[in-house]
Amino acid sequence: MESELQKLPQPETTRPSQPESIDEGSTKDDRPLLKPDPTNPQLQVQSQSSSPSIEELEKKYAPYVRHDVYGIMGRGELPWTEKVLLGIALVTLVPMRVIGATTVLVVYYLICKICTAFWAPNREDEQEDYAHTGGWRRTVMMQSGMFLSRVMLFVFGFYWIHETYQPTNLNGNSNNEDGSKQQAEELERPGAIVSNHISYLDILYHKSRSFPSFVAKRSVAKLPLVGLISKCLGCVYVQRESKSPDFKGVSGVVNERIREAHQNKSAPIMLLFPEGTTTNGDFLLPFKSGAFLSGAPVQPVILRYPYQRLSPAWDSISGARHVILLLCQFVNYMEATWLPVYYPSQQEKDDPRLYAENVRRLMAHEGNLLLSDIGLAEKRVYHAALNGLFCQQ
């Protein structure tokens, strides 16, 4: 594996990237990106004092730029043909899809409600989950969850999903054409799935394929319908403070889950997006090292969303606008490339940042993705600048 990685092109960066471990105390992700942040005067100064052109912004913040027909933030001027298509879809497709998606959500909630009746969730370190429930309960929740997630994607217009599995040989090397997905699973089970992050649809896809657990905000556990479903998925909740004296923190819980999944086939596997935020799908941001601290093998997955009108990437556009426009498209496309399970060397186990960077370089090479050294902080600056430009107009 190391010899193969040495052949890969080295990433060109304008400043050193510093992958971070999962930080359960971080509150940056709690603020909406596309709304002005009155508590951060730095962003206001940058968006008001200087008024860079759209071209300059798009060049500097390329990983977050939308290139579809709806323009910047989905507010571009549309041709009359597109307006007619939107009007027709709004009165036909959208109501049917909303009813279909709501029905799927309610059905799965009722299944989870039945499976968890008279059964207390695990509450270790204030993390509530039913994912470690065994027997028929776990089987029903998992199989129905995978099926209904695929149904939900179908409702959203993803009628076909093109999946590619790169072969693996019996020694676990990633560049042998004689291997197969089954051989990789027989060798050693990965502890986590690591995927590039483009849209909220990523979770639906992974849920339909592997039914993994993932990291979510603590507030998700309290949402109607979705709260119980997230517990059945075994989500690790981010919380700002602990009431338990032996609280491990999110990073500790995640790494315990990864080790458990690696060693126990019946344990739920973890899904992690090491970039920490979404991109437009053409770039790969620096990886945080939290998914790699355990030293367990990981399963890299590369997602793509080919499009002609609206990009399914959830970037530089509000959530409500994006969902409505997505529902208006009759057909949406998704491609998933499953790379071989990545088995870290001893050097990578001892250095999680090296492990994370090598997996990142491999995914960029195999997925033909561009490496970028910017992150969530730059995304906030870009969105603040876009808001400033629209306010001036």
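Computation of the quantities below employed the complete heavy-atom set of this structure, encompassing side-chain atoms and omitting hydrogens, waters and symmetry-equivalent molecules.
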- pair Cys235-Val220: side-chain heavy atoms closer than 4.5 Å: no
- Task: Compute the centroid of each ring, for Phe154 and then for Tyr159, and state whether the two points are separated by less than 6.0 Å.
- Result: yes
- Check: Met270 and His262 side chains under 4.5 Å, non-hydrogen atoms: no
- Task: Kindly say whether the aromatic ring centers of Tyr355 and Tyr342 come within a distance under 6.0 Å.
- Result: yes
- Hey, is Arg360 close enough to Glu357 for a salt bridge, meaning N to O under 4.0 Å? yes
- Scan side-chain atoms only and decide if Asp351 and Gln347 contain a donor-acceptor pair under the 3.5 Å cut-off. no
- Query: Is the count of non-hydrogen atoms from other residues, nucleotides or ligands lying under 6.0 Å from Trp136 atom CH2 greater than 12?
  - Reply: yes
- Are His206 and Ser195 close enough that a side-chain donor and a side-chain acceptor fall under 3.5 Å? yes
- Any side-chain heavy atom of Glu58 sitting closer than 4.5 Å to one from Ile72? yes
- Closest heavy-atom contact between Pro95 and Leu90? CD-O, 3.3 Å
- Query: Tell me, do Phe214 and Leu272 make a side-chain contact under 4.5 Å, heavy atoms counted?
  - Reply: no
- Honestly, is Arg209 close enough over Trp338, meaning NZ or CZ under 6.0 Å from the six-membered ring centre and within 45° of the axis? yes
- Query: Is it true that the side chains of Tyr61 and Asp315 contain a donor and an acceptor less than 3.5 Å apart?
  - Reply: no
- Return yes if a side-chain donor-acceptor contact under 3.5 Å exists between Lys379 and Thr278, otherwise no. yes
- Message: Could you check whether Glu348 pairs with Arg353 (Lys NZ or Arg NE/NH1/NH2 to Asp/Glu carboxylate O, under 4.0 Å)?
- Response: no
- Message: Assess, by modelled atom type and distance only, whether the side chains of Ser230 and Tyr237 contain a donor and an acceptor separated by less than 3.5 Å.
- Response: yes
- Does Ser311 reach the side chain of His67, with side-chain heavy atoms less than 4.5 Å apart? no
